[in-house]
Each structure stands twice: as structure tokens, then as C-alpha cells.
Amino acid sequence: ELKARMGVAAGTLDVVAITTAEYFVPHLLAEFGRRHPDITFRLAVENRERVRTLLQEQRCDVAIMGQPPRGIDLRRIPFAPHRLSFVARPDHRLAGRKRIPPAALTDERLLLREQGSGTRDNLERFLRAHGVKPLAADELGSNETLKQAVMAGMGIAFLSHHTFAMEVESGRLVRLDVADTPVIREWNVVSRTDRPMTPALDALLEFLQTEGAARMRAMER
Ligand code: PGA
């Protein structure tokens, strides 16, 4: 259409966010949308397996995720740091302790995300790196369920900071000061190298690259 031919960013962008990214992607799209009112979105929130399939089958313009899947030709633009930490209920015995050694987690019941989750993967790497084998572990299917289970006193969880900001602020959860945390990874915007570049897609990549990090910081306040 005319606008697209003239280089004005317009049209619909198909964005897929990995589950944890649902806590911030709407905020980024809201700001981007204010600058590009002619662009609309279809936003899907999916687990890693589905994100991989959508990329593989050319069914999205971009994916917002941590570690990109292997085996697909992708371009990856890191746009913001991603912090992950252990959280507990405020009355937990480790709450408020300074510099908890990771070995102290051995006596804890850990609540885990499902297999394949990036959060789960990061937790397992942390435990392996510190030689920690927790007393018991339960697998729960979502960030929201993990938070509810921690609040119910079932155990402690390892979660993205994006997911627990509100609960920490309201005093329902506390971040545990475990040594070597937060674990810091990165958020990426990922798209297939053979995806045709459109003005709308170009504008989104440019926005995330130049302003994504600052927008994410602003959200944390
Ligand atoms: P998750 O992924 O929501 O599956 O844990 C987060 C990530 O990609 O790092």
C-alpha cells in the first residue's frame, strides 16, 4: 500500500513473546505504538517450544526471548539485561539474611518452572555451577503459579525480576540475597535472517535496539 511504499511504517507486526516476557513486552509495544500509530500488533505469549515452531514455520515477524533456539538461521539483537534471583515468603528463615552461600539452598524445597523453560535452564546452570542439590523440587507450570506457591509457603523459587517486582513492592515476596545472584542474562529480539524486512519491522528493531534498555529501566522504577 501507499504508506508502505513511501517508507512510512504501517501494517501489522506479528510478535511472539516467551512467557516471562509478557511482564514487559506490552509496555515496550505501548511506547513503540505511540510513535507509530499506523502499526498494529498481533502479540502471542508462548513457551519455548512454541516460539521455536513459530520461528521455524515463518509464522511471526519477531520473537522476544532469552537464549534463541538453535538450528534456525536467526538474527539476534540483544536489547536489555535480564536479571534472575531467588524469592521467598517474607517469613522464610533465609529472608533478610545477607550474602547467603548457595550451599544453604541444599536444605530447601525448590519450586521449578517446566522443562524447556529458559528460567528453569538458568536455575539448573546456577545449581550445577555451585554444586547444589536441593532437598526436594517441585515442578510448576508458570511464573504466576510459582509466585502463588511461594506465597503459600511451599518453597522458594528462582524467577526473573520482571515477574516479581509488584509482589516485592507490596511485601508479599522477598528477594533472597544469595551470593552470585542476580544471575544476569540478556533479552533478545530474534527474527529469521530470511524474513523480508518491512518498514514496520525495521522500525521495531531500531526502537528496541536504541531504546529498549532505557525503557526497561524506566519500568523498574
Ligand atoms: P521462559 O524463558 O519464560 O521460558 O522461562 C525466559 C527466557 O527465554 O529466558
Side-chain angles (χ1 to χ4, degrees), residues 14-29 43-57 59-88 105 110-129 134 137-150 154-168 173 175-176 178 180-192 204-205 208-209 212-213 215-217 219-220:
D14 272 299
V15 179
V16 54
I18 196 86
T19 45
T20 297
E22 75 178 329
Y23 289 89
F24 63 85
V25 168
H27 298 265
L28 295 176
L29 295 187
L43 173 63
V45 177
E46 303 284 0
N47 65 22
R48 277 191 80 82
E49 205 174 297
R50 283 280 301 158
V51 171
R52 176 176 222 297
T53 304
L54 293 174
L55 283 165
Q56 181 111 51
E57 296 179 356
R59 285 157 64 200
C60 62
D61 291 305
V62 290
I64 294 177
M65 65 195 312
Q67 202 61 28
R70 288 188 204 154
I72 312 174
D73 276 338
L74 299 168
R75 108 166 62 76
R76 174 182 79 94
I77 304 172
F79 66 89
H82 180 198
R83 294 179 186 82
L84 301 105
S85 287
F86 291 92
V87 290
L105 300 174
L110 266 193
L111 309 178
L112 316 175
R113 282 280 306 276
E114 74 283 4
Q115 282 282 358
S117 133
T119 304
R120 164 78 171 260
D121 204 55
N122 283 316
L123 169 62
E124 287 183 342
R125 280 161 67 175
F126 180 87
L127 296 177
R128 256 198 317 276
D138 307 285
E139 196 173 296
L140 288 85
S142 73
N143 289 319
E144 203 54 44
T145 313
L146 281 179
K147 287 191 293 186
Q148 296 299 332
V150 173
M154 194 168 168
I156 65 175
F158 181 77
L159 288 168
S160 163
H161 283 215
H162 304 288
T163 69
F164 60 69
M166 276 201 289
E167 286 78 4
V168 166
L173 291 176
R175 181 186 164 264
L176 295 178
V178 176
D180 287 340
T181 69
V183 166
I184 302 178
R185 301 272 179 256
E186 57 196 7
W187 285 113
N188 295 293
V189 57
V190 167
S191 62
R192 287 179 60 123
L204 180 64
L205 296 179
L208 289 174
Q209 196 162 15
R215 290 278 143 202
M216 301 271 277
R217 265 197 309 280
M219 245 176 267
E220 280 163 26

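Atoms within a ligand are numbered from 1 in the order they appear, just like the ligands themselves.
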Query raised in the report: Where's the contact between Arg185 and ligand 1, heavy-atom distance under 4.0 Å: side chain, backbone, both or neither?
Result: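 Near ligand 1, Arg185 shows nothing, with every heavy atom at 4.0 Å or more.
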Requested in this report: Would you mind telling me if ligand 1 is within reach of the side chain of Arg113, the backbone, both or neither, using heavy atoms under 4.0 Å?
Outcome: side chain
Requested in this report: Could you pull out, from Ala17, Ser142, Gly118, the option with a heavy atom nearest to atom 4 (O) of ligand 1?
Outcome: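 It is Gly118 whose heavy atom sits nearest to atom 4 (O) of ligand 1.
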Query raised in the report: Looking at Gly66, which atoms of ligand 1 are within less than 4.0 Å of one of its heavy atoms?
Result: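 It comes down to these atoms of ligand 1: 7 (C), 8 (O), 9 (O).
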Query raised in the report: Who are the side-chain contact (heavy atoms from CB on, under 4.5 Å) partners of Glu49, not counting sequence neighbours?
Result: Asn47
Report task. Quick one: list whatever passes side-chain contact (heavy atoms from CB on, under 4.5 Å) with Pro78, sequence neighbours left out. Result ->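 Pro78 satisfies side-chain contact (heavy atoms from CB on, under 4.5 Å) with Arg76, Glu186, Asn188 once adjacent residues are dropped.
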Report task. May I ask whether Ile18 places a heavy atom under 4.0 Å from ligand 1? Result ->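 Flag set, Ile18 near ligand 1.
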Min N/O separation [X] to ligand 1 under 3.5 Å:
X: Ser117; answer: yes
X: Gln67; answer: no
X: His82; answer: no

Requested in this report: Identify, for atom 5 (O) of ligand 1, the protein heavy atom at the shortest distance, and state residue, atom and that distance.
Outcome: Thr119 OG1, 2.6 Å
Requested in this report: Would you tell me whether Thr145 and Ser142 have side-chain atoms, one donor and one acceptor, within less than 3.5 Å of each other?
Outcome: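 Thr145 vs Ser142: donor-acceptor pair found between side chains.
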Query raised in the report: Does Val15 offer a backbone N or O that forms a donor-acceptor pair with the side chain of Asp61 under 3.5 Å?
Result: no
Query raised in the report: Parallel, tilted or perpendicular for His162 and Phe24, by the 30°/60° rule?
Result: tilted
Requested in this report: Identify which one of Thr20, Thr119, Leu123, Thr181 satisfies the side-chain contact (heavy atoms from CB on, under 4.5 Å) criterion when paired with Leu84.
Outcome: Thr119
Query raised in the report: Heavy-atom distance under 4.5 Å between the side chains of Arg113 and Asp121, does that happen here?
Result: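 Side-chain contact under 4.5 Å: no.
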